Structures are given as C-alpha cells and as structure tokens.
Amino acid sequence: MKIGYPCINWTIGCKGDRTFRLKSYSEERLIETVENNLDCLTKMLKYNIDNNLLFFRITSDLVPFASHPICKFNWQKYFKNKFKEIGEIIKENNIRISMHPDQFIVLNSIKTDVVKRSIAELYYHTEILDLMKLEKTSKIQLHAGGAYANKKESLIRFAENFKKLDRKIKDRLVIENDDRIFSFQDCLFLHSKTDIPLLFDVFHHSILNNKESIKNILEKQNKTWKNIDGIPMVDYSSQKPGFRDGSHAEKIDLKDFGSFLKQSKPYDFDIMLEIKDKENSAKKALKIVEKDKRFTRKELIQ
DNA sequence: TCACGTCAAGCAGAT
DNA sequence: ATCTGCTTGACGTGA
C-alpha cells in the first residue's frame, strides 16, 4: 500500500502544471513552459521520495496543448532524455504513477469530434508514460463519460470506442466510478465488455452506490486487475464539512480515513488522496497506514 | 503592482 | 437560460 496525492505540492513552491493561453502559443513559450514543468515534477518526486509518498499523479498540463492541432513541435524528441531521466527516478524509487485526463475527455460522446479529440488526448497521456519508459502498472484513469439519457447504451458505446484504441492506450486505461452517473456497479458492466481494470473512488461511492460494502467492492475490484497492471488503485477523499455533497475536504479527516482502512481489510491497494492540502494530508495518512498490521515496512515501499 | 475579464475542450444537475 | 463543479485558479492586458 502506497500513499499519494495529485499533481501539486504546496510545500516546495514550484508547480509542474504551468500553462499559457492558446493565443500566446509559440514554440519558444512551449519549450520554456515544459522545461519548467519537468523541473518542478522532478523536485516534487524528490520531495515525495524523502517523505515516503510513493504514489503520485502527474498533471495533464505537463505539456500544454500537446494534443491540440496548434502544436506541431516535436516535444517528444526535444525532451526525450529529460523524460527518460525522470522515468529512471520513478523506477529506482518504486514510485507508482497515475494520470487523470480532465472532464473534456469523453470517450463515449455521441459527437464524433469529441471522441476524436478525446483519443488524441489519451494518446498524449500515453506518450508521457511511454517516454518515461514506465511499466504498464502506471495508469491513466478516466470516467465512463456521459449518460445521454441511456446509461447502458452509453457504456456499450464506450466499449466499442475502446476496442478501436491503440494497444498502447488500452494497456494504460482504467475506469473510475463517478459520483453522478456511473456507479461502481455500472463500471463492472463496462469491465465485462472490455476487461478494463476498475479504479475504486471511495468518496464517489459514498455519494452514488448500490449499497455495497467497501469490502464487497474491493473484492470485485481486485478481480479486474491483472498482475501486469499492478495492485489496484483507490482514490480517497472525504466530505468538506458544511458544503454540498461531493465537495472535497481541505484536510484529511483522520477518523474517516481510519474507518475506511478498517473496512478495507484484508485487501491491498495504492491510495490517492484527493484532498486539497495535498502532501500534508498524505503525510498524516501515511502515519496511520504505517501502524496497520496488514503491511510490513517492506510492503509499504514496494 | 494589482484589478479583473477571460481562458481548448463536455456534461449533468441546480438555480 | 445560466451557472457550477470536476483534481486545480491562473493568464495576461490595461491602468
């Protein structure tokens, strides 16, 4: 079980997701921005290694406009060595990596150009992980998409579009249950059509579910991950007190997290903490996990 | 230096 | 019809 946080580290004072407006696009600007983003990514990874936070989500904004038609620059070649170096840091330290394309990526859209753009963006994410030469245990997590007034049909459309994807993308993609349309049960149906591993989002599940217990879900989730995929990934967050259902907490609720850990026995998985104060909550969570008798010290870092 | 209008992209649900 | 949330406000012009 590894503990991680997404994309941004507030402590080190530098961010790997700097971008710019489409209007100010230029090759020079792109190079300068990507250089900054890769340097900051390296710094964040080093911080994480020092703090035993060995699960990390890389921002989708690492290479701005990478999948946009305006970008003709061969950034893959230009930054090849830099990507390889970062990949070596990741592999030498047994860091698990995930990525999460944002809400515009809808593989089951009824609009063909939306699907086309989504595939281009998925390809970009795959290229990042491939340039770092990471194993297939590094995943790209995606929601199943829109409902379009017929959930089942929409899932089947996802499955059909998935089948047409490049092998490289298929090997990376995992599906995450969301909090408004596709529950974990819906994702299981999609899994039955595609064999895609399922990422379990605990918080979304607390909002949209079919009354399954945590343990029951984890048991089913486990069966969707093969050896080559690594151990399952789990997203965890808790409710921001006093805000609408689904608002992510500012800081980790240690009582809720402890309760989740208890309910999750005896399963093993890597946890991504989607909590706004990022590394600070991750460090607190790690302390609790370290006390869990399920895991030896060795298992925590492997 | 700071205020503030705007930013590549989709979808659903609330107002 | 318009706004909000999503993992996250940040960019950039104009004063």
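As the structure is a computational prediction, the values presented were derived from the model and not from experiment. Within every chain, numbering begins at 1; the chains are lettered A, B, ... in the order of the sequence lines, protein sequences first and strands thereafter.
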For the [atom1] atom on [X], are there more than 12 heavy atoms of other groups (residues, nucleotides or ligands in this structure) within a distance under 6.0 Å?
| X | atom1 | value |
| --- | --- | --- |
| Asn227(A) | CG | no |
| Lys265(A) | NZ | yes |
| Glu135(A) | CD | no |

[X] [atom1] to [N] [atom2]: how many Å, rounded?
| X | N | atom1 | atom2 | result |
| --- | --- | --- | --- | --- |
| Asp102(A) | dA8(B) | CG | C1' | 10 Å |
| Phe56(A) | dT7(C) | CZ | P | 16 Å |
| Asn177(A) | dT7(C) | CG | C1' | 15 Å |
| His143(A) | dA12(B) | NE2 | C1' | 13 Å |
| Ile140(A) | dT7(C) | CD1 | P | 17 Å |
| Lys15(A) | dG9(C) | NZ | C1' | 7 Å |
| Phe203(A) | dC6(C) | CZ | C1' | 12 Å |
| Phe158(A) | dC11(B) | CZ | P | 14 Å |

Short side-chain N/O contact from [X] to OP1 or OP2 of [N], under 4.0 Å:
| X | N | result |
| --- | --- | --- |
| Arg180(A) | dG5(C) | no |
| Lys116(A) | dA9(B) | no |
| His204(A) | dT7(C) | yes |
| Thr59(A) | dT7(C) | no |
| His100(A) | dT7(C) | yes |

> If each of Arg29(A) and Ile8(A) is mapped to the nucleotide of DNA chain C with the nearest heavy atom, which maps nearer the 5' terminus, i.e. the 5' end?
Replying inline: Ile8(A)
> Would you call the rings of Phe269(A) and Phe260(A) parallel, tilted or perpendicular, where under 30° means parallel and over 60° means perpendicular?
Replying inline: tilted
Classify [X] by what it touches in the nucleic acid, base, sugar-phosphate, or nothing, heavy-atom distance under 4.0 Å.
| X | value |
| --- | --- |
| Ile181(A) | sugar-phosphate |
| Gln103(A) | base |
| Phe65(A) | base |

> Which value, rounded to the nearest 0.5 Å, describes the distance between Ile140(A) atom CD1 and Leu122(A) atom CG?
Replying inline: 6.5 Å
Whom does [N] pair with, Watson-Crick or G-U wobble, provided both distances fall under 3.5 Å?
| N | value |
| --- | --- |
| dC2(B) | dG14(C) |
| dT15(B) | dA1(C) |
| dG10(B) | dC6(C) |

Using the [atom1] atom on both, measure [N] against [M] and round to a whole Å.
| N | M | atom1 | answer |
| --- | --- | --- | --- |
| dT7(C) | dT2(C) | P | 27 Å |
| dG12(C) | dA9(B) | P | 16 Å |
| dA1(C) | dA8(B) | P | 27 Å |
| dG5(B) | dC3(C) | P | 13 Å |
| dG5(C) | dC4(B) | C1' | 22 Å |
| dT8(C) | dT1(B) | C1' | 25 Å |

> When you measure from every atom of DNA chain B, which of residues 17-27 of chain A have a heavy atom less than 4.0 Å away?
Replying inline: Arg21(A), Leu22(A)
>> Leu198(A) vs Asn177(A), test: side-chain contact (heavy atoms from CB on, under 4.5 Å). Steps then yes/no.
In response: CA-CA 8 Å; Leu198(A) 302 185; Asn177(A) 57 301; over 6 Å; no
> Would you call Phe104(A) stacked on dA9(B), i.e. ring centres under 5.5 Å apart with the planes less than 30° off parallel?
Replying inline: yes
> Where do Ser183(A) and Asn209(A) land on the side-chain contact (heavy atoms from CB on, under 4.5 Å) test, with the steps shown first?
Replying inline: CA-CA 6 Å; Ser183(A) 67; Asn209(A) 60 69; 5.9 Å; no
> Which pairs pass ring-ring contact (aromatic ring centres under 6.0 Å, His included) with one or both residues in residues 187-207 of chain A, sequence neighbours excluded?
Replying inline: His143(A)-His204(A), Phe184(A)-Phe200(A), Phe200(A)-His205(A), Phe203(A)-His248(A)
>> When you measure from the centre of the six-membered ring of Phe65(A), is the NZ or CZ of Arg29(A) closer than 6.0 Å and no more than 45° off the axis?
In response: no
